[in-house]
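Computed from a predicted model, the values in this text were never measured in an experiment.
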Amino acid sequence: MTIEFMLVKSAKNPLGTPQKAETFEDFARIVQNARNARKNDAKDGPAICAPMKDNKRKDVNVLPRNWAAIDIDGGKQQKQDAAGKVYTPKGTDSLGISPQVLEALKEVLKPFSCFIYPTHSDTPTARKYRVVMALDKELGPKDWEVCARNVCLWLMEKVPELAEQPDKLITAAIASASYTPAQIMYTVPKEKAASLELFSGTPISTAQFTKGSKTEKKALAKIDSTAPAPEAEGFRPELKHVDSILEALTKRGLILRDMGGGKYAIKCPSGEHDDGSLTSTAYFAPGSKRDNGKRYRYGAICCMHDTCKSKGRGTEAFLSMLGMEYAAYCREIDQQEANPDLFTASSGEYSTVNGVVYLSVYKVLAGKVTKGPKEALFPEIEIIGQARDPDGQGWGRLIAFRNNDGRRLEVLIQDSDLTGKGDNVREALTSSGLPLYSTGRNIARYLCDYIYNRPIVNRENPDLMPQKVAIARRGGWLGEAFITPNGVIGDSEERIYYEPAGNAKANYDQAGSIEKWRDSVGYLARYSSPLTLAICTALAAPLLSRISWVEQKSGGFHFYSTSTVGKTSIAEAAAGVYGKPSPDGGRVISWSGTANAVEYVAAAHNDSLMCMDELKTAKPYEVNDIIYRLANGVSKSRLNKDIDLRAPLTWLILWISTGELTVSRYLKKAGADIHAGTDIRSIPIDVGMGVRAAPMDRDTLGIFEAIPPRFKNISEAFSLLSVGTRENYGKLGRKWLEYLTANADALETQAEPFARAFEKKAPKEIGAQQSRELNRFKLCAVAGEIATEAGLTGWQEGQVTDAVIKLMERYFAGLTTGTKEARRLIESLQEAAQTPYKFALYGTSERAEYGYRNFEPSSITPSEDSDTGEDLTDPEIKPVRSTPKQKRLMFLPSAFLKLIGNFSPEAACEELIRRGLLIQNEKNKNGLKLKFKAKGGGRFYTVDYDKLMNYEESD
């Protein structure tokens with residue numbers, strides 16, 4: 001925020017110099033150092049004041065400003081003459097403020113953007129300070145005066161010792177110059193400059209301190225130092241509730257007269273006496289004042305008649321006569337008035353004074369409810385808002401407090417924990433550094449009672465409804481905002497609190513600059529198609545849920561090579577798009593993680609990139625499970641208690657993995673099961689480009705197609721890639737996410753021309769069965785082109801598309817169109833065969849989606865359809881034959897037609913017969929045997945299960 005002010009040389013000189021500070025911190029430094037160039041420290045030296053028209057200090061010349069200076073000089077000692085008149089003797093100096101009051105004042109100021117320093121008049125025996133506070137907007141002189149006065153009143157409320165103390169004959173501690181628009185304020189004395197303290201909080205909300213106020217001058221409040229500070233006039237909202245006591249009295253015809261000021265003459269609700277007096281029984285509405293000036297927080301009925309006085313009847317007894325509960329009425333007032341500094345709950349009355357929470361416990365003595373003495377419990381705990389999952393479950397309170405180190409912490413506490421014994425809440429908060437001033441046996445219950453019942457108020461704008469907070473259990477998109485552990489990117493309709501499942505967080509740290517990234521990693525990617533694809537895979541991940549034509553949402557690329565060519569460098573460069581590119585708390589994780597741990601990590605990387613290095617560290621029997629679970633995008637229903645209480649974790653991710661072999665070859669070498677869809681979900685990319693700098697060179701260029709022009713040899717390029725990745729990370733991803741959140745609605749339209757350009761260049765022989773792989777390549781190319789168009793990568797238009805097409809052609813190289821289609825056909829049937837619960841047991845009344853099987857599966861026995869959730873179990877079903885000689889899958893014609901893609905049934909059967917997979921016993925009109933006719937009727941396309949699952953193209 002820009003601060004404008006005028007600097008004057010002395011109090012006698014009305015002319016000044018206009019000044020401007022770009023930030024409030026700069027303003028503080030100017031005020032702190034203005035006297036450094038002076039030879040002496042005379043009081044009449046450099047001073048600041050409001051900006052002035054014509055740079056001349058006069059009342060009529062005051063211009064709007066967004067700051068206020070308040071002098072805390074301490075009160076002056078008054079005297080009382082013989083007639084009882086109180087006066088302040090001439091020449092009386094201010095008393096200053098005590099160290100305790102100064103510390104209490106600083107605690108109040110800490111949440112705000114302000115600074116405080118000792119003035120020229122400050123002495124060791126009379127401490128005097130000036131507070132300069134930032135305002136959230138500029139105010140003209142009249143509104144500024146109202147705001148400044150009410151800020152002074154508010155400070156008196158928060159620190160009662162600053163207010164006038166009539167019982168001690170001491171005036172208010174805040175000087176009236178604090179709300180004089182044209183007043184000058186001297187800068188910091190040189191010898192006291194080091195004592196200036198700056199608080200980097202939020203500016204004062206001017207709306208709160210000007211609402212409902214009049215612009216005429218007001219006298220400062222007189223506050224009894226022994227009583228709680230009253231509400232500051234001019235900025236607290238009026239009570240907006242309908243008084244249920246007044247309604248009940250009116251309904252029963254007990255109101256005699258409105259006496260004004262919230263006081264009503266009434267008939268006694270007891271009905272036991274009626275002397276006709278307008279003063280014997282009265283009702284005081286909430287907010288009204290007694291004769292001694294003290295305010296009624298709640299409605300009160302007072303009866304002076306001897307009949308009621310002798311029986312000790314108070315408001316609670318009278319409300320019972322009206323059919324009302326006093327405690328419930330008080331809670332209603334607390335909720336409507338929403339005063340977090342004073343409210344009642346089941347344990348008693350909680351009050352907050354100078355940042356400390358006190359409790360007056362309710363006690364029942366002789367049938368009467370009384371309040372016990374105040375007991376200090378703990379520092380003030382702010383209730384930011386009610387929190388819940390996006391689906392409306394898991395309600396809790398988001399709280400904030402300062403721990404023993406003075407750090408402000410935000411913690412989510414579940415409502416279910418607050419309504420129990422509370423020991424787990426106490427343990428969690430004290431472990432986080434919340435100090436307790438009482439350690440009695442009920443402290444845990446008091447802590448929960450306070451958090452659950454404290455009114456939720458927006459201090460800056462009390463008229464706003466209590467804040468609601470959305471709890472995010474995973475990173476990524478939530479509406480139009482993108483959630484990271486480092487904060488929310490983009491706009492959100494409500495506050496978001498990120499509490500990741502399993503406490504797993506993706507790394508979004510930043511270092512270096514995007515310009516240095518372009519000059520190193522970005523530059524080198526122009527000469528390496530695999531490096532370009534890896535970076536674009538990272539950029540494409542947030543688009544998974546934003547582009548409708550992405551067929552299989554989650555998936556990845558497996559970069560492999562049998563030699564050391566730079567596989568890990570590729571993974572680290574991709575990881576460095578969003579965060580720290582290292583395994584020690586960074587974005588590169590090891591394949592050796594268990595499948596269960598991967599689910600938490602996947603949720604943390606939702607809508608982003610996940611990097612897994614060195615396939616050889618994985619347990620072979622877990623690899624398929626990990627890949628399929630990542631691709632399915634949903635966690636198992638079994639895990640820990642946290643997951644059992646909430647919906648399963650879900651995610652959309654792209655991943656990059658590395659290894660010396662393809663996933664299929666690694667599993668085959670280890671003797672593990674090979675699933676047909678593994679390579680579709682994690683597309684193998686051979687990054688050993690095979691290019692040599694010269695024909696006779698022994699070593700290749702690794703991941704590069706050419707030596708970049710800047711370098712003599714490829715080693716220099718790899719060195720720059722390593723340094724650029726290590727020193728410049730996270731910046732590109734941050735800019736990219738800011739761009740996406742700002743243009744979320746237009747992304748699909750923006751992607752269309754780049755998608756069409758890719759399709760024109762893509763190999764035409766690629767069939768429809770390869771749409772999943774094609775779309776993944778295409779999405780990466782589109783993401784890279786959009787980022788380039790946005791000016792983030794430093795690449796040329798079309799460069800990404802050419803690089804991705806090159807690798808796509810390599811992926812499909814060596815296969816004829818027919819062979820590709822046949823491979824896809826077999827993979828499709830193999831994938832279907834891995835869901836045996838979609839095949840009913842032949843010979844029973846059971847029905848299923850794909851058809852029938854003549855065997856019981858040995859391992860997978862799902863109990864429900866994964867797509868529809870339909871229960872497929874039937875306790876009456878018995879196997880036809882426990883160990884059939886030939887395991888068969890019998891596909892319904894309708895299911896077979898869906899699984900064969902662009903093939904006709906006849907062409908598909910030809911391919912299956914050629915490979916010995918189709919079981920035949922019926923000819924079509926052309927003499928081709930197609931279907932297996934089963935006993936009991938029905939015709940199916942029948943395949944040999946064992947041959948299908950063990951089939952490889954090399955056979």
In the structure I gave you, are the side-chain heavy atoms of S347 and Y350 within less than 4.5 Å of one another anywhere?
yes
Is there a donor in the side chain of D136 and an acceptor in the side chain of T206, or the other way round, less than 3.5 Å apart?
yes
Count the heavy atoms belonging to other residues, nucleotides or ligands that lie under 6.0 Å from CG of N442, then report whether that count exceeds 12.
yes
State whether a side-chain donor-acceptor pair under 3.5 Å links Y179 with N150.
no
Distance from I443 atom CD1 to D423 atom CG, nearest 0.5 Å?
11.5 Å
Tell me if the CG atom of D81 is crowded by more than 12 foreign heavy atoms within 6.0 Å.
yes
Residues T187 and R35: side-chain donor-acceptor under 3.5 angstrom
yes
Does the side chain of I48 reach to within under 4.5 Å of the side chain of F27, using non-hydrogen atoms?
yes
Would you say the side chains of T352 and E380 form a donor-acceptor pair under 3.5 Å?
no
Checking T119 against D122: is there a side-chain donor and acceptor pair closer than 3.5 Å?
no
Gap between atom CG of L95 and atom OG1 of T171 - 0.5 Å precision:
7.5 Å
With a 3.5 Å cut-off and no angle check, do the side chains of Y452 and D417 form a donor-acceptor pair?
no
So CE of M133 and OG of S178: to nearest 0.5 Å the spacing works out to 11.5 Å
Parallel, tilted or perpendicular, judged at 30° and 60°: which one describes the rings of Y117 and F115?
parallel
With no hydrogens and no angle check, do the side chains of R495 and Y497 hold a donor and an acceptor under 3.5 Å apart?
no
Under the ring-ring contact (aromatic ring centres under 6.0 Å, His included) criterion, do F378 and Y450 qualify, and how do the steps go?
CA-CA 10 Å; F378 37 77; Y450 175 84; 5.4 Å; yes
Tell me whether the guanidinium CZ or amine NZ of R454 lies under 6.0 angstrom from the six-membered ring centre of F343 and within 45° of its axis.
no
F112-W154 aromatic ring centre distance below 6.0 Å
yes
